[in-house]
Amino acid sequence: MTIHVGTAPDAWGVWYAEDPRQTPWERYLNEVARAGYAWTELGPWGYLPTDRAQLNDALASRNLALCGAAVVHPLAQPDALKTLSDRLAPLCETLVATRTPWLLLMDDSDVYATREARIAAPETWQHIMRVITETGRRVAQSYGLHLLIHPHVGTAIETEEEIVRLMADTPAEFVKLCFDFGHHAYTGANALAFMRSYADRIPYYHFKNLDGVIHARAMADGTPFMDVFQNGVMCELDKGIMDFASIVSFLKERNFDGFAVVEQDMYPCPPEKPFPIALHNRAVLKQLGL
């Protein structure tokens, strides 16, 4: 069993390649290393250096390595397969060059004006499944990479029912899950129960907790999820509704060999905010034996 603990630019409030409110990439990598992480996700393409030699040097000089890279794309668009394929070519080449096996794909929540609009009609759902399946096949056959779908609040793949449909409608050979505890719990589902039931399809986890009080108030008020994220609904690992001691015990019982990546969805945030939180979350996981 080897549970590799990593983090991601998301945990430093980084959602975009360029944004003056975000932590500069050099500071991000410095603080990741200082916080005690050995692995990081790439973040949005263009945030960390896209020049592979520069990227490798930046990581190696801090004793860091990449564990995965996430792409957000509007999967329901008619030309999604073509536009996604064009975007993925340089990214996949970088993942190969850095020996990074995992490519995370998320639907784009920005294209849905309302919660109801994100619910895909049957023909749109079938189209999304074709895009996902073909992308998984291409990245596996062309690059030797593994595709992970990241269900996300506000997208066409959000609820537990939709995730189960996704797994039924895509081949396990080419499509697996990046399971995000915080996003799953946000929908009102039991994240720990789901993980136990579908662990064979989950080689990669996003460790994230949910503040139950903030969440309940937001659900009662109908607050848009982006506003709720900015209100701190995703909290430190030991301060929310998820029991990470039970989660880690389950993974150890299964001899899980993979990644546990700490995130905390807090865009935007002041540059001085993320590092103490990262230190705290890393200490929590060390207490749990990771």
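Just so you know, these numbers come straight off a predicted model, no measurement behind them.
Checked options Asp108, Thr83, Val111, Asp107; the residue passing with His73 is Thr83 (criterion: side-chain contact (heavy atoms from CB on, under 4.5 Å)). For the side-chain contact (heavy atoms from CB on, under 4.5 Å) with Val233, the lone residue among Leu210, Asp265, Val153 that qualifies is Leu210.
Residue Glu18 qualifies as open at atom CD: its count of foreign heavy atoms under 6.0 Å is 12 or below.
Between Gln230 and Pro268, the closest heavy-atom pair is NE2-CD, 3.6 Å. The two atoms that bring Thr40 and Ala8 nearest to each other are OG1-CA, 4.3 Å, heavy atoms only. When all heavy atoms of Leu29 and Ala58 are compared, the pair lying nearest together is CD1-CB, 4.0 Å. The nearest pair of heavy atoms linking Trp45 to Pro90 is CH2-O, 3.9 Å. Ile128 and Ala156 make their closest contact through CD1-CB, 3.9 Å (heavy atoms, listed as atom of the first residue, atom of the second, distance). Heavy-atom minimum distance, Ala80 versus Val131: CB-CG2, 4.1 Å.
Taking the six-membered ring for Trp and the full ring otherwise, Phe256 and Tyr205 have centroids separated by under 6.0 Å. When ring centroids are compared, Tyr47 and Tyr16 stay outside the 6.0 Å threshold.
Electrostatic pairing of Arg115 and Glu158 counts as a salt bridge here, judged by a charged N lying under 4.0 Å from a carboxylate O. Ion pair Lys82/Asp86 flagged as a salt bridge, since at least one NZ, NE, NH1 or NH2 atom sits closer than 4.0 Å to an Asp/Glu carboxylate oxygen. Between Glu93 and Arg52, at least one side-chain N (NZ, or NE/NH1/NH2) sits under 4.0 Å from a carboxylate O, which counts as a salt bridge.
Side chain of Gln22 to backbone of Trp15: a donor-acceptor contact under 3.5 angstrom is found. Between the Thr50 side chain and the Gly46 main chain, no donor and acceptor come within less than 3.5 Å of each other. No donor-acceptor pair under 3.5 Å is formed between the side chain of Asp227 and the backbone N or O of Thr223. Side chain of His215 to main chain of Tyr186: a donor-acceptor pair is present (N/O by atom type, distance under 3.5 Å, no hydrogens or angles). Here the side chain of Arg201 pairs a donor or acceptor atom with the backbone of Met167 at under 3.5 angstrom. Under the 3.5 Å distance criterion, the side-chain polar atoms of Thr187 are matched with a main-chain donor or acceptor of His184. In this structure, Arg118 contributes its side chain and Gly154 its backbone to no donor-acceptor pair below 3.5 Å. In this structure, the side chain of Ser249 engages the main chain of Ala245 through a donor-acceptor pair within 3.5 Å. Side-chain N or O atoms of Asn209 include none that pairs as donor or acceptor with a backbone N or O of Cys235 at under 3.5 Å. Here the side chain of Asn190 pairs a donor or acceptor atom with the backbone of Leu192 at under 3.5 angstrom.
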* Can you check side chain to side chain contact (heavy atoms under 4.5 Å, CB included) on Glu236 and Lys208, steps first, answer last? -> CA-CA 7 Å; Glu236 287 88 335; Lys208 186 182 299 175; over 6 Å; no
* Asked: Where do Ser109 and His152 land on the side-chain hydrogen bond (donor to acceptor under 3.5 Å, both in side chains) test, with the steps shown first?
  -> CA-CA 8 Å; Ser109 62; His152 197 283; 5.0 Å; no
* Could you please spell out the steps behind the salt bridge (Lys or Arg N to Asp or Glu O under 4.0 Å) verdict for Asp200 and Arg254? => CA-CA 10 Å; Asp200 288 344; Arg254 287 182 56 84; 2.7 Å; yes
* Would you please test Asp19 and Tyr267 for side-chain hydrogen bond (donor to acceptor under 3.5 Å, both in side chains) and show each step? => CA-CA 11 Å; Asp19 190 314; Tyr267 170 87; 2.5 Å; yes
* How far apart are the C-alpha atoms of Leu104 and Val71, what are their side-chain angles, what is the distance that settles it, and do they pass the side chain to side chain contact (heavy atoms under 4.5 Å, CB included) test? -> CA-CA 6 Å; Leu104 289 66; Val71 175; over 6 Å; no
* Asked: Step by step, would you call Tyr28 with Trp12 a ring-ring contact (aromatic ring centres under 6.0 Å, His included)?
  -> CA-CA 7 Å; Tyr28 166 71; Trp12 267 254; 5.0 Å; yes
* Asked: Given Leu177 and Leu166, is the side chain to side chain contact (heavy atoms under 4.5 Å, CB included) satisfied, shown in steps?
  -> CA-CA 10 Å; Leu177 285 180; Leu166 162 78; 3.8 Å; yes
* Decide side chain to side chain contact (heavy atoms under 4.5 Å, CB included) for Leu42 and Thr100; before the verdict, give the C-alpha distance in whole Å, the side-chain angles of both, and the deciding distance to 0.1 Å. => CA-CA 10 Å; Leu42 187 66; Thr100 308; over 6 Å; no
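In this structure, CE in Met266 is found 8.0 Å from CG in Asp10, a value given to the nearest 0.5 Å. Atom CG of Leu237 and atom NE2 of His280 lie 7.5 Å apart (nearest 0.5 Å). The CD1 atom of Ile277 sits 13.5 Å away from the CE atom of Met234 when rounded to the nearest 0.5 Å. Here the straight-line distance linking atom CG of Leu147 with atom CG of Leu88 works out to 8.5 Å at 0.5 Å rounding. Going from atom CG of Leu91 over to atom OH of Tyr143 covers 9.5 Å, rounded to the nearest 0.5 Å. Rounding to the nearest 0.5 Å gives a distance of 9.5 Å between OG1 of Thr7 and CD of Gln264.
Side-chain contact check for Gln141 versus Phe174: some heavy-atom pair is nearer than 4.5 Å. No side-chain heavy atom of Trp102 sits less than 4.5 Å from a side-chain heavy atom of Cys67. The side-chain heavy atoms of Ile247 and Phe181, taken from C-beta on, include a pair separated by under 4.5 Å. In this structure, the side chains of Leu66 and Trp39 stay at 4.5 Å or more apart for every pair of heavy atoms. Side-chain atoms of Pro44 and Val14, non-hydrogen and from C-beta on, do get closer than 4.5 Å to each other. Inter-residue side-chain proximity for Tyr37 and Val262 is flagged as met; some heavy-atom pair is nearer than 4.5 Å. The shortest distance between side-chain heavy atoms of Val164 and Tyr198 falls below 4.5 Å. Contact annotation: the side chain of Cys269 never approaches that of Thr23 to less than 4.5 Å [non-hydrogen atoms, C-beta and beyond].
Glu263 and His206 are linked by a side-chain donor-acceptor pair at a separation below 3.5 angstrom, with hydrogens and angles left out of the test.
Linking Ile, Leu, Val, Met, Phe, Trp and Tyr residues whenever their side-chain heavy atoms come within less than 4.5 Å places Met129 and Leu105 in a single cluster. Transitive grouping of hydrophobic side chains (ILVMFWY, heavy atoms separated by less than 4.5 Å) keeps Phe194 and Leu148 in distinct clusters. Phe250 and Val284 end up in the same hydrophobic cluster when Ile, Leu, Val, Met, Phe, Trp and Tyr side chains are linked at under 4.5 Å. Put simply, Leu81 and Leu84 are part of the same group of oily side chains (I, L, V, M, F, W, Y) that touch within less than 4.5 Å, one to the next. Under the 4.5 Å side-chain heavy-atom criterion for Ile, Leu, Val, Met, Phe, Trp and Tyr, Met242 and Met195 are members of the same hydrophobic cluster.
Both tests pass for Arg165 against the ring of Trp125: distance under 6.0 Å to the centre and angle within 45° of the axis.
Using a 30° and 60° split on the angle between ring planes, Phe229 and His183 fall in the perpendicular class, above 60°.
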